[in-house]
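In what follows, a single structure is set out as structure tokens and then discussed.
Everything numeric in this text was worked out from a predicted model, so none of it was measured. Numbering of residues begins at 1 and proceeds along the displayed sequence. Remember, it's 1-based here, ligands and their atoms both numbered in the order they're listed.
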Amino acid sequence: NYKELEKILFSMDRKSYSAYKSLKGEYKFEKYILAIDHVQSDPYAPPSKMRIIMDRKICGIPYELTDTKDKNIAVSDFLTRNFYREIQKSGNDSAGTGGSGRIFIDRCGQEILERTSVLIKGDKVEVRFEMGMPARGRRIMGKAAQKIIFEQLPEIVEKSIIYDNLNKKALNEQVILVLDQEYARKILKEKGLVAFVANDSVLPRESGVSDKPMKNAVKFKSPEKFEITLKLPSGKEVSGMGVPKGITLIVGGGYHGKSTLLVALERGVYNHIVQDGRELIISESDAVKIRAEDGRNVEKVNISGFINNLPQNKDTRAFSTENASGSTSQAANVAEALEYGTSLLLIDEDTSATNFMIRDGRMQKLVAKEKEPITPFIDRVKELYDNFGVSTILIVGGSGDYFDVANHVIMMDEYVPKDVTEKAKEIAKLDENKREFSSNDKFKGVTQRIPLKKSFPQFGKLDKTKAKGKYSILYGKELIDISGLEQLVDDSQTNCIAVMIEYFKNKVLDEKLTLSQVADMIYERIEKEGLDSISSYTGHPGNLALPRKQEFCASVNRYRKLKIK
Ligand code: ADP
Ligand code: MG
């Protein structure tokens, strides 16, 4: 129990760092069990992994606050943020060499994600955190360790986890908000919509490096034509812009807020915290941002709907390259998104390949159809909707050609959206340099691909697939660059993708299932057994936050040694 632990810590003072290893185990404190799952080998190594395991009765959070998955996620997120805040307030600070003496917990951003940091399950609440075991040089600071574990930690736990000490109003608010958000996302389809932006939302962010809301921003106001009112489970009625299914064009002068609107829709696949400004910006959960990504690896993707008759007769029904061009990378990104399943594509001209997006009437007259391998997106976007049920919201500020195919045209005018559909359609009618449909055949869809086991050779027994920051993953020595995935929002999602890749190659890859099916199996398991269940660690599972299937599959697709049947 804790008395013993205290004695051991004192007796360890000034001993060599490795003596800390013997602390592994569980210690009973008054209100919880402290589990020391993994002890770092030196003060500079990643901090030691620990858990607080508390009885639900002692914690006191009412069961009706956690009786559905969505509520459980909302409460776990709330407790994680609390714990983080209390660490900052506790005066906990480094005390010696390296990360000595500091307590850490996964840091939440503006989104509310399913995480491993706090687990509320059955009659237990667990907090998963880390601690830099204090040392001076390589000598243990036993008294400092005692102080952190016996003074700082209990106080942090007391203030951040025990229900009676929580800001109950804020906790309730977060739970209600998440339920409203989930409901709004669920009824989009019923209402014939793909996205919703509440009036008074704040779309722009503070800066390129801060995801907090911009102060004094122009608040969102729906054009009358698209304004609808949603009745939410909380009883709140909220009005805003409903973006209908189909093809929606966002136009407007440079710097009038087009990209800001699109980015807000990209992030609308996630739930946001109170006062984020985007709480009620809701998109289809499977919406995918599509961009050009020159240089990416592409492995046997069927891009023939967009690119055909390449020089040297290269087959585009199973197209591979180690260095995709702007247009081929964007075509591959669309094809792959259709493979995993999506109902909404989001495209910004700022990050698109022009030749993938448009080809105007004049260019069509100059360059014969047979000489141009690309069927631009403008000639597929309607088919995608009519025959495959995939809607598109896209920004094209520089070409009016899309007026012909768009169902709705929204103009951003000094950050305020206006409906200009009628006017755009009239202009389209008058046009003399009309373009022609540029393909000889119909869009036939994509091909589901089966990953092969030999894509993932063993690379050393102890090494694991590892995340390096938010935008890269190391598989052995192979770096997977995922910086093109703009809807990835959290380092812990990248961590989770790395763990999922381990799980994927060891447990579920079988050369009969497609990438999409294999991914579904992993998500099914997580749904049933929880996020912990894919981690190979016992105890503290690492800091994981659930990514979407779209980002997981996209990461696998960016792995340069991926082999396809
Ligand atoms: P566009 O894509 O039309 O060129 P952006 O969306 O990039 O324009 O926006 C241009 C600038 O205006 C950005 O710096 C953005 O932060 C700012 N901005 C966007 N929307 C708003 C708003 N509602 N209120 C205040 N500033 C905004
Ligand atoms: Mg822009």
Tell me: protein heavy atom nearest [atom], and distance?
| atom | result |
| --- | --- |
| atom 8 (O) of ligand 1 | Gly257 N, 3.2 Å |
| atom 12 (O) of ligand 1 | Tyr415 OH, 3.0 Å |
| atom 7 (O) of ligand 1 | Ser259 CB, 3.9 Å |
| atom 24 (N) of ligand 1 | Val218 N, 2.9 Å |
| atom 15 (C) of ligand 1 | Thr260 OG1, 3.8 Å |
| atom 14 (O) of ligand 1 | Tyr255 OH, 3.5 Å |

Does [X] use its side chain to pair, donor to acceptor, with the backbone of [Y] at less than 3.5 Å?
| X | Y | result |
| --- | --- | --- |
| Lys258 | Gly253 | yes |
| Arg291 | Ser329 | no |
| Glu339 | Val446 | no |
| Ser210 | Ser207 | no |
| Arg359 | Thr354 | no |
| Arg128 | Gly542 | no |

Does even one non-hydrogen atom of [X] get within less than 4.0 Å of ligand 1?
| X | answer |
| --- | --- |
| Gly252 | no |
| Gly253 | yes |
| His256 | yes |

Looking only at side chains, do [X] and [Y] share a donor and an acceptor under 3.5 Å apart?
| X | Y | answer |
| --- | --- | --- |
| Asn323 | Thr321 | no |
| Asp379 | Ser439 | no |
| Asn92 | Ser90 | no |

Checklist entry - Hey, does Arg205 come in under 3.5 Å of ligand 1, counting only N/O atoms on both sides? => result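 No; every N/O pair is 3.5 Å or more apart.
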Checklist entry - Out of the N/O/S atoms in Asp350, what is the name of the one closest to the Mg ion (ligand 2)? => result OD2
Checklist entry - Between Leu345 and Leu384, does a side-chain contact (heavy atoms from CB on, under 4.5 Å) hold up when you go through it step by step? => result CA-CA 10 Å; Leu345 303 176; Leu384 279 176; 4.0 Å; yes
Closer than 4.0 Å to some heavy atom of [X] - which atoms of ligand 1 meet that?
| X | result |
| --- | --- |
| Gly254 | 4 (O) |
| Met214 | 16 (O), 25 (C), 26 (N) |
| Ala217 | 24 (N), 25 (C) |

Checklist entry - Any N/O/S atom, backbone or side chain, of Thr260 lying under 2.8 Å from the Mg ion (ligand 2)? => result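 No - counting backbone and side chain alike, Thr260 has no N, O or S atom under 2.8 Å.
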